[in-house]
Structure formats: C-alpha cells, structure tokens
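Structure record follows, encoded as structure tokens.
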Amino acid sequence: LASAGEPPATPSLFEGIDSNHNGQVDLEEYLAFAGAAAEKRGIDDNPLRDQMLGVCQRAFDMADITGDGWLSEREVEFAEFLKRAAAKMYAASPPGGDEEGVPEDEFHIGAFELVFRDADQNADGVLDYDEWTAVMRDTAQAWSLTGFLDDPEVVSWMQQVFKKADVNGDGVMNLKEAYFTAFLSDHARNSGVFSDMALANRIIDALDASSDGKLEPDEVATALSEEVLLLAKQELMPRRSLVSYIAEYFWATDVDGDKSLDRQEVRRLAARFI
C-alpha cells in the first residue's frame, strides 16, 4: 500500500516553470509556462487560449493550499493533477458547460465544490473525518465495494491521507485540502489495496453474476445505481451523459472485441471511473 506521504515530485517540470529559480512559482510564472506550452502546441485561437489559461488560473488558486500566493514543488504537481482532472471531465461533458449554463472552466474544476458542499453535513465550511469518509463510503457503495473501506489497511491509509491533507493542522479539511486528498489518492493507485487491479478484482467479484470471471454489459449496468447517478448530479453531469459515456467506454475498453471485459479490461475501466 502506498503511504499517504507526498508522491515524488518532477523537478524538471518545476524548474521549467520556476523561471527566476527562487524555489517557488507565482501565478505569473505558471501562466507564462502554460502560455508557452499552448504556443508550442499551436494553440493560437484567442478564445481557446483564454479558456485554457482560465483553467490554469483556477488550478493555481486551488493548488495554493497555504494561500501564500506561490506554489511549492508539491503544489505544482497538485496543480497539474487538477488540470488533468479538468481535461478528463471535459472529455465527458456536454459542450458549453452543464444544462444550467455553467461556464466550462467552472464546470470542470468548480464541480468539486458541489460535492464538498453536499458532504459538509453541518454546513460549517469544512469537512471532519467522518464527513469525508462518508463521501468515500457512498462512492464505494455505488460501485458495490461496500466492504472495501472496512479493510484495516484501507482504514489506516485513509487516516494517513486525512492527516496529510490537513495542511494547517486544525483537524478538519477546507475545500482546497479536501481536493488535495484526491491528488494523494491518485498517486496511491500504483500499488497495494488501492491499485487499479485490486479495485478491478473487487468489482468483478461484486458484479460478476454469471461467475465467469468477466463482466457483460448488463453486469456493468448494475453499477449504475442511484448512488452513482446522484454523484453524477453533484458533479454537474446529466444522467444521460454519464450513462452514455460509460456505455461508450465499455465498448472502447473491450479491446479483444468479445463483448465482455476481462480483469485487465476492467482494470482500465476502474482507472477511468473510480
């Protein structure tokens, strides 16, 4: 099991962004690096470039966990994670934002704020450990992984992550700290009980009604419970978009074309959705 410690940084990336080499990255440096990257990729369309820089600014603001106006190496890695998450949501979303006209940059990164507010049961603006784990339990239940979070190794990992994400040490998590847990979780998926293969095995064990070691489309559809659809609503994704997206990804994941998913294929599916 990966520890809740910080995942390894990428010095070359940080050094490339830190143009004055003072060991910290401010917003001007971060946006300059993003702008240069856009130019290198041939993105010279002003609206598209402005939208991309807007997402980068949101990522910078969210990754600045301490609120000091600059990013450490770890926070730069966090910002890049946020941008990857935004790109993943962009691929799954209807064009132009959600049905209520939420702008696209708000739609992709700001969507987490709705999940946070829903999890904040006493509306005090922060999440305590019980509120945070309740969200994880809802997600596990939605994918028929109800016993997953009772594993002592997983419980220990969650406690470490919560402590690590509580940057200011006040015993609760604000919005930025809560999002930081997703960053830590993402890096923990390379090994142990939180790996994609471990999740794939648990998903197959839970959903494989025919006990043939594979998942057919109707068995995958079983995972589309009301809990999953509720999460989709919280993330501003219309139900029909989520259902069609998972259906399309099922067939894209079925690389051998046998109309079912084996363990390696389910591993790829788990990496996409959980």
Side-chain angles (χ1 to χ4, degrees), residues 3-6 58-69 74-75 78-79 81-82 85-86 89 93 97-103 105-189 193-194 223-239 242 273-274:
S3 72
E6 299 171 346
R58 285 295 309 277
F60 182 97
D61 293 341
M62 185 68 79
D64 181 17
I65 305 174
T66 56
D68 52 17
R74 180 59 54 239
E75 289 172 330
F78 182 27
F81 164 78
L82 293 173
M89 293 185 69
S93 66
D98 76 326
E99 294 177 318
E100 297 179 359
V102 177
D105 59 340
E106 296 289 329
F107 176 85
H108 300 303
I109 293 184
F112 185 80
E113 297 175 20
L114 293 183
V115 180
F116 181 90
R117 288 200 298 267
D118 185 71
D120 182 16
Q121 297 176 9
N122 61 2
D124 61 354
V126 293
L127 299 184
D128 60 26
Y129 183 75
D130 290 339
E131 289 173 325
W132 177 64
T133 55
V135 175
M136 299 186 69
R137 288 190 177 279
D138 286 345
T139 304
Q141 180 180 355
W143 285 92
S144 301
L145 299 174
T146 51
F148 181 60
L149 297 184
D150 294 324
D151 186 312
E153 194 173 7
V154 176
V155 171
S156 175
W157 179 87
M158 290 193 298
Q159 291 170 342
Q160 292 178 56
V161 166
F162 187 89
K163 183 177 180 180
K164 186 65 181 179
D166 179 20
V167 176
N168 61 12
D170 61 0
V172 293
M173 293 191 297
N174 58 34
L175 177 63
K176 293 182 178 181
E177 291 171 332
Y179 218 146
F180 190 53
T181 65
F183 171 61
L184 295 173
S185 301
D186 183 70
H187 282 271
R189 299 173 69 121
V193 296
F194 241 114
L224 289 177
S225 61
E226 284 301 314
E227 290 87 349
V228 168
L229 296 176
L230 177 59
L231 289 174
K233 182 177 180 181
Q234 291 171 339
E235 293 178 0
L236 295 176
M237 184 181 294
R239 293 187 178 197
L242 179 68
F273 290 108
I274 302 178

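When a residue number appears, it is its place in the shown sequence, counting from 1.
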Residues forming a side chain to side chain donor-acceptor pair (under 3.5 Å) with Asn168, sequence neighbours excluded: Asp170

Which atom of Met62 lies closest to which atom of Leu175, heavy atoms considered: CE-CD2, 4.1 Å

Over all atoms of both residues, closest heavy-atom pair of Glu131 and Gln121: OE2-N, 3.1 Å

Partners passing side chain to side chain donor-acceptor pair (under 3.5 Å) against Asp130 (at least two apart in sequence or in another chain): none

Interatomic distance, Ile65 atom CD1 to Met173 atom CE [nearest 0.5 angstrom]: 11.0 Å

Side chain proximity check, Thr181 to Phe162, heavy atoms < 4.5 angstrom: no

Heavy-atom side-chain proximity of Glu177 to Asn174 below 4.5 angstrom: yes

Least distance between heavy atoms, Val135 atom then Ala119 atom: CG2-CB, 3.2 Å

Nearest-0.5 Å distance, CD of residue Glu75 to NZ of residue Lys176: 8.5 Å

Contact summary for Leu127 and Phe116, nearest pair of heavy atoms: CG-CE1, 3.5 Å

Non-hydrogen atoms of Ala79 and Ala59 that approach each other most closely: O-CB, 3.8 Å

Aromatic ring pairing Trp132/Tyr129, orientation class (parallel under 30°, perpendicular over 60°, tilted between): tilted

Nearest heavy atoms of Arg74 and Phe180, plus distance in Å: CG-CZ, 4.2 Å

